[in-house]
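Below is one structure, written out as structure tokens; the observations come after it.
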Amino acid sequence: MNMNAEIPSLAKLAIAKIIERCEQLENNKDIEGMYAFMALFPRPILCELADNELIQKAWAQFCFYIGNYTEMYRTLKNHQFSHWNHQELQTMWYEARYKEAAKQRGRNLDDAAKCRVRKKFPLPRTIRKRRHVFNKRSHPILREHFLSVLHNPYPDAATKKDLADQTGLTPMQVSNWFNNLRHRFFAANRT
DNA sequence: TCTTATGATTGTAG
DNA sequence: CTACAATCATAAGA
């Protein structure tokens, strides 16, 4: 069976290995190890091939560490990062900008100067929160359920799971949706 | 470009 | 953990 499966190319194998290694280092919080590992790559070519957030993040951290800010900015701009990485990457983005500005003017920046730097170099969209739109068919399903149980619009865990399956959303997204709608619906009905 | 609608997050309380 | 209010950020609409 699986006659169509390609024999993994050397590159794919290599990338898989790299991702695996990065995961280990990340899990162990072995930052030094991560830098050492990243230093094995003279260029970010493998990172381009590996559409993997962990790799991109590790690469950006390494670039920050060695002071290759241009490459770091490029990496941050060219990959969409998940929200749980945003804080860390935003800090890194600004820190790099501060360092560059400080070097250019030959002394440390005060708060006002830092503020100017932040204004001048706004965070790229890739490391900021993004609102994503539900599939069109999700809304009618959720609304119908909400209206049908208006007397008790608090779905239990099983119902949430059921709705999540029907809509293709996560249970958390279903919860959020109900939270938001209850809030907005009942707020609108007060006065 | 400005406004609105809406998904997600944060902080609080239970 | 959950529900909730308040708020943020932004996709879509005007």
Below 3.5 Å between N/O atoms, which protein atoms pair up with nucleotides 10-14 of chain B? Just atom names and distances, please.
none

- Item | Contact list for residues 96-105 of chain A, test side-chain hydrogen bond (donor to acceptor under 3.5 Å, both in side chains), sequence neighbours left out | Tyr73(A)-Glu100(A), Tyr98(A)-Arg118(A)
- Specify the residues of residues 161-177 of chain A, ordered by number, for which at least one heavy atom lies under 4.0 angstrom from an atom of DNA chain B. Gln173(A), Asn176(A), Trp177(A)
- Item | Polar pair under 3.5 Å, donor/acceptor by atom type, side chain Asn180(A), base dA8(B) | yes
- Query: Taking all atoms of both residues into account, what is the closest heavy-atom pair of Ala96(A) and Tyr69(A), and its distance?
  - Reply: CB-CD2, 3.5 Å
- Task: Kindly write out the residues that satisfy salt bridge (charged side-chain N to carboxylate O under 4.0 Å, His left out) with Lys114(A), not counting sequence neighbours, or none if the list is empty.
- Result: none
- Note on the structure: salt bridge (Lys or Arg N to Asp or Glu O under 4.0 Å) pairs touching residues 134-153 of chain A, sequence neighbours excluded, are none
Show me the side-chain donor-acceptor pairs of residues 170-179 of chain A shorter than 3.5 Å, one per line, residues at least two apart or across chains.
from, atom 1, to, atom 2, distance (Å)
Thr170(A), OG1, Gln173(A), N, 3.1
Thr170(A), OG1, Gln173(A), OE1, 3.4
Gln173(A), OE1, Thr170(A), N, 2.9
Ser175(A), OG, Lys160(A), NZ, 3.1
Ser175(A), OG, Pro171(A), O, 3.3
Asn179(A), OD1, Arg182(A), NH2, 2.6
Asn179(A), ND2, Ser175(A), O, 3.4

- Those residues at least two apart in sequence (or on a different chain) that pass salt bridge (charged side-chain N to carboxylate O under 4.0 Å, His left out) with Asp30(A) are none
- d(NE2, His183(A); P, dG7(B)) in whole Å: 15 Å
- Message: Rounding to an integer number of Å, can you tell me how far Phe185(A) CZ sits from dA3(C) C1'?
- Response: 18 Å
- Task: Whole angstrom is fine here: how far is it from CG in Leu181(A) over to P in dC4(C)?
- Result: 12 Å
- Message: Among residues at least two apart in sequence or on other chains, which ones pass side chain to side chain donor-acceptor pair (under 3.5 Å) with Thr91(A)?
- Response: none
- Could you give the CG-to-P distance, from Asn179(A) to dA8(B), as a whole number of Å? 12 Å
- Query: What distance do Phe64(A) atom CZ and Leu89(A) atom CG have between them, rounded to the nearest 0.5 Å?
  - Reply: 11.0 Å
Contacts under 3.5 Å, N or O only, protein and nucleotides 8-11 of chain C:
from, atom 1, to, atom 2, distance (Å)
dC8(C), O2, Lys129(A), NZ, 3.4
dA9(C), O3', Lys129(A), O, 3.0
dT10(C), OP1, Lys129(A), O, 2.6
dT10(C), OP2, Arg128(A), NH2, 2.6
dT10(C), O2, Arg131(A), NE, 3.1
dA11(C), OP2, Arg125(A), NH2, 3.0
dA11(C), O4', Arg131(A), NH2, 3.3
dA11(C), N3, Arg131(A), NH2, 3.4

- Do Thr159(A) and Asp162(A) meet the criterion of a side-chain donor-acceptor pair at a distance under 3.5 Å? no
- Message: Test of understanding: with ring pair (Phe, Tyr, Trp, His ring centres under 6.0 Å), list the residues that count as partners of Tyr94(A), not counting sequence neighbours.
- Response: none
- Message: List the residues meeting side chain to side chain donor-acceptor pair (under 3.5 Å) with Gln24(A), not counting sequence neighbours, and say none if there are none.
- Response: Arg21(A)
- Return the value, rounded to whole Å, for the distance between atom CZ of Phe178(A) and atom P of dA3(C). 11 Å
- Message: Under 4.0 Å from OP1 or OP2 of dC1(C): is there any side-chain N or O of Lys160(A) that close?
- Response: no
- Message: What residues from residues 134-141 of chain A pass a heavy-atom cutoff of under 4.0 Å to DNA chain B?
- Response: Phe134(A), His139(A)
- Please say which of Asn135(A), Leu163(A), Leu142(A) ends up in a side-chain contact (heavy atoms from CB on, under 4.5 Å) with Leu169(A). Leu142(A)
- Task: Taking the side chain as every heavy atom from C-beta outward, state whether Thr167(A) and Phe134(A) have any pair of such atoms under 4.5 Å apart.
- Result: no
